[in-house]
Amino acid sequence: MSDNTTTRERKHFIEEIIEEDIATGKHDGRVLTRFPPEPNGYLHIGHAKSICLNFGVAQTYGGKTNLRFDDTNPTKEKTEYVDSIKRDVQWLGFEWDGEAKYASDYFGQLYEFAKKLIRDGKAYIDDSTAEEIAEMKGTPTRAGTPSPYYSRTVEENLDLFERMKAGEFPDGAKVLRAKIDMASPNMHMRDPVIYRIKHAHHHRTGDAWCIYPMYDFAHGQSDSIEKITHSICTLEFENHRPLYDWCIENLEIFPSKQYEFARLNVNYTITSKRKLLKLVEDGHVTAWDDPRMPTISGMRRRGYSPASIRNFCDKIGVARRENVIDVSLLEFCVREDLNKIASRVMAVLNPVKVVITNYPEGQLEQLEIGNNPEDENAGTRQVPFSREIYIERDDFMENPPKKFFRLGIGRNVRLKGAYILHCEGVKKNAEGEVEEIYCTYYTDSKSGQDTSGVRAKGTLHWVSVPHAVEAEVRLYDRLFLDESPAGHEDKEYTDFINPNSLKVLDTVYCEPHLKDAQVGTYYQFLRKGYFVLDTDSSEEKLVFNRTVTLRDGWAKKGKKK
RNA sequence: UGACCCAUGGUGUAAUGGUAACACAAAGGUUUUUGGUACCUUCGUUCUAGGUUCGAGUCCUAGUGGGUCAACCA
């Protein structure tokens, strides 16, 4: 799995920084990173980039990575999210160092840090309302004004802070602010709020606390407490870095350093926990793990392999430039991996019956068919063949163009792993639709022992009618019709939801092998795409998700016209 | 009209002062018992203008364009 710098010789800037630090003996060459999610939602593909980066560089340089939950806002965080995050990180193939950690583990320590700041005259209690504080902050182009509470004595501040902790004041009555610089061009340095009152139940500390540190007073300190060497985060925290450094410096604690990289954007996709939550809450999707969601759990259910996501994260690179990755790269990565590992099976999605008129009634052959041409060790399986089979309705045309390599009256076609068929005619219903196709087969054209000398340009997949296993198949299309659903000022991203993002096929005929399909096994339905068993499946009913189609040169050609 | 950051094919990422490379996408072709896979070919005035240098995508200056920041969110 450390396919990081083994397959990719190019180093990104984070790796260069680490190599430089190792070369100069910083932290004795020790590398410790961390992945710090807030447990307020499910992880998505954007987090996968961060996970692969943080765990990846640690692996490359012989270091470790902590999993630390940034749980300083009790009103938004839940154990459900903690559990899902752990599961997703593990599924992606990464192992964090020791036990999972929590910013809330450090609430006691953080409280002491705050008191030190107060004692040093570097923090004060402010009784102003949120609105007043916002007003006093000024704007990026206009300096802020000092708070009327700026000059409280150390004793008074200490007393007030202890009484805040003791629960004497209601939410919002007071905050603790760092004393930095109300005229700083960096808004984050204008006496940032570092502690606030929230009489809320915390998912881990319960009711032990009613004051909670803000992100800026928890994150860097948590890094420092854990002796994180490289604290890697996304670009939007860049303006926080001076405050990150200020806290560490004034608290005189371990000097973790923050480095920022550009977050992942994928076209036709949203990567915002808040927006994804709304999709779930408003019922646009069934759940966080709906296969149309760009969440790790959704992609897992959809049939993405962990390796495909890791490879994707490796291919997109790491830089400081805003970027939009083409969703087709993600599809390429999943096809690339699944092509190597998926078992080939046959399933007919949109069936029409073929009767092979010269094949004896009641005769049955078990044909041995290879499981994966890309993998010699994948072995073979037996597939029953009989007089009546299903093929795709699309694979027959009454008046085919000359470039159509499939079945048409008077034409030949190879059945995968079986015989060459010659089409004799069709039966239609009252509406003029083809109801049955009649063929003869070349008796000496059996796959692997073909002595017929007959040529067939196309090869079709098929399923024997009496042996067919029924299944439901769910076909997915992109969830949004617009390349940048969240990028329009005048429109909501929900305005671009694709009404046809899910298409359910109720009756698909599968070869009998699929009766024993398991969740987590990757299949290629021959010529149709990659599929996995969905978790909605039961003893009575098989449900498959289409992960992604195969590349289709024929369909592409058709579209061009 | 403040601070900080960024600018290389359609999309990403390299090139660390010395021939602009790799991948995806697109288009064309070869092979094929998956119209899949594999393989081959095509696709760039490195944002602009000055400067430094024998030599600049790279360094400097200015401009232009884009991003982030004014939550008691993270």
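Naming: A, B, ... by sequence-line order, numbering from 1 per chain. Here the structure is a predicted model, which is why all the values come from computation and not from measurement.
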Just how far, in rounded Å, is [atom2] of [N] from [atom1] of [X]?
| X | N | atom1 | atom2 | answer |
| --- | --- | --- | --- | --- |
| A:Glu15 | B:U13 | CD | P | 15 Å |
| A:Arg320 | B:A14 | CZ | P | 13 Å |
| A:Ile197 | B:C72 | CD1 | P | 14 Å |
| A:Asn311 | B:U13 | CG | C1' | 16 Å |
| A:Leu329 | B:G10 | CG | P | 18 Å |
| A:Leu277 | B:C73 | CG | P | 17 Å |
| A:Arg10 | B:U13 | CZ | P | 14 Å |
| A:Leu43 | B:A74 | CG | C1' | 14 Å |

Go nucleotide by nucleotide along RNA chain B from the 5' end; which of A:Asp326 and A:Thr141 gets its closest nucleotide reached first?
A:Thr141
Are A:Tyr259 and A:Phe13 an aromatic pair by the rule of ring centers under 6.0 Å?
no
If the [atom1] atom of [N] is compared with that of [M], how far apart are they to the nearest Å?
| N | M | atom1 | result |
| --- | --- | --- | --- |
| B:G50 | B:G55 | P | 16 Å |
| B:A21 | B:G44 | P | 12 Å |
| B:U58 | B:U53 | P | 16 Å |
| B:A74 | B:C40 | C1' | 50 Å |
| B:G65 | B:U1 | P | 15 Å |
| B:A26 | B:A3 | P | 44 Å |
| B:G10 | B:U42 | C1' | 15 Å |
| B:A15 | B:U52 | P | 27 Å |

Answer yes or no: is there an ion pair linking [X] with [Y], defined by an N-O contact shorter than 4.0 Å?
| X | Y | answer |
| --- | --- | --- |
| A:Glu365 | A:Lys446 | yes |
| A:Lys198 | A:Asp171 | no |
| A:Asp375 | A:Arg344 | no |
| A:Arg320 | A:Glu260 | yes |
| A:Asp395 | A:Arg527 | yes |

Under 4.0 angstrom, heavy atoms only, what part of the nucleic acid is [X] near: base, sugar-phosphate, or nothing?
| X | result |
| --- | --- |
| A:Ala130 | base |
| A:Thr129 | base |
| A:Val193 | sugar-phosphate |

Should we say atom NZ of A:Lys101 is surrounded by more than 12 heavy atoms from elsewhere, each under 6.0 Å from it?
yes
[Y] six-ring face occupied by [X] cation (under 6.0 Å, within 45°):
| X | Y | result |
| --- | --- | --- |
| A:Lys165 | A:Trp209 | yes |
| A:Arg152 | A:Tyr124 | no |
| A:Lys179 | A:Tyr150 | yes |
| A:Arg68 | A:Phe35 | no |

Out of A:Glu511, A:His513, A:Gln366, A:Glu368, which residue meets the side chain to side chain donor-acceptor pair (under 3.5 Å) rule with A:Arg381?
A:Glu511
Every protein N/O lying under 3.5 Å from an N/O of nucleotides 67-71 of chain B:
from	atom 1	to	atom 2	distance (Å)
B:G67	O2'	A:Glu322	OE2	3.2
B:U68	O2	A:Asn239	ND2	3.0
B:C69	O4'	A:Asn239	ND2	3.2
B:C69	O2'	A:His188	NE2	3.4

The correct set of residues in residues 262-275 of chain A placing a heavy atom under 4.0 Å from RNA chain B is none
Apply ring pair (Phe, Tyr, Trp, His ring centres under 6.0 Å) to the pair A:Tyr102 and A:Phe69, showing each step before the final yes or no.
CA-CA 5 Å; A:Tyr102 298 82; A:Phe69 291 94; 5.1 Å; yes
Nucleotide of B:G12, B:A74, B:U13 approaching A:Val324 most closely (side-chain heavy atoms)
B:G12
Using a cut-off of less than 4.0 Å, is there contact between a side-chain N or O of A:Thr72 and OP1 or OP2 of B:A74?
yes
Given B:U11, is OP1 or OP2 found less than 4.0 Å from the side-chain N or O atoms of A:Lys315?
no
So what's the dot-bracket for RNA chain B: Watson-Crick or G-U pairs under 3.5 Å, [ ] if a pair crosses, | if it pairs off-strand?
.((((((..((((....[..)))).(((((.......)))))....(((((..]....))))))))))).....
Taking side-chain contact (heavy atoms from CB on, under 4.5 Å) as the test, write out the residues that go with A:Val454, two or more places apart.
A:Asn412, A:Ile420, A:Tyr442, A:Ser452
Going 5' to 3' through nucleotides 33-39 of chain B and flagging B where a protein heavy-atom sits under 4.0 Å of the base, S where only the sugar-phosphate is that close, and - otherwise, we get BBBBS--
Does any non-hydrogen side-chain atom of A:Pro140 lie less than 4.5 Å from one of A:Pro185?
no
Contacts of type salt bridge (Lys or Arg N to Asp or Glu O under 4.0 Å), residue A:Glu135, not counting sequence neighbours:
none
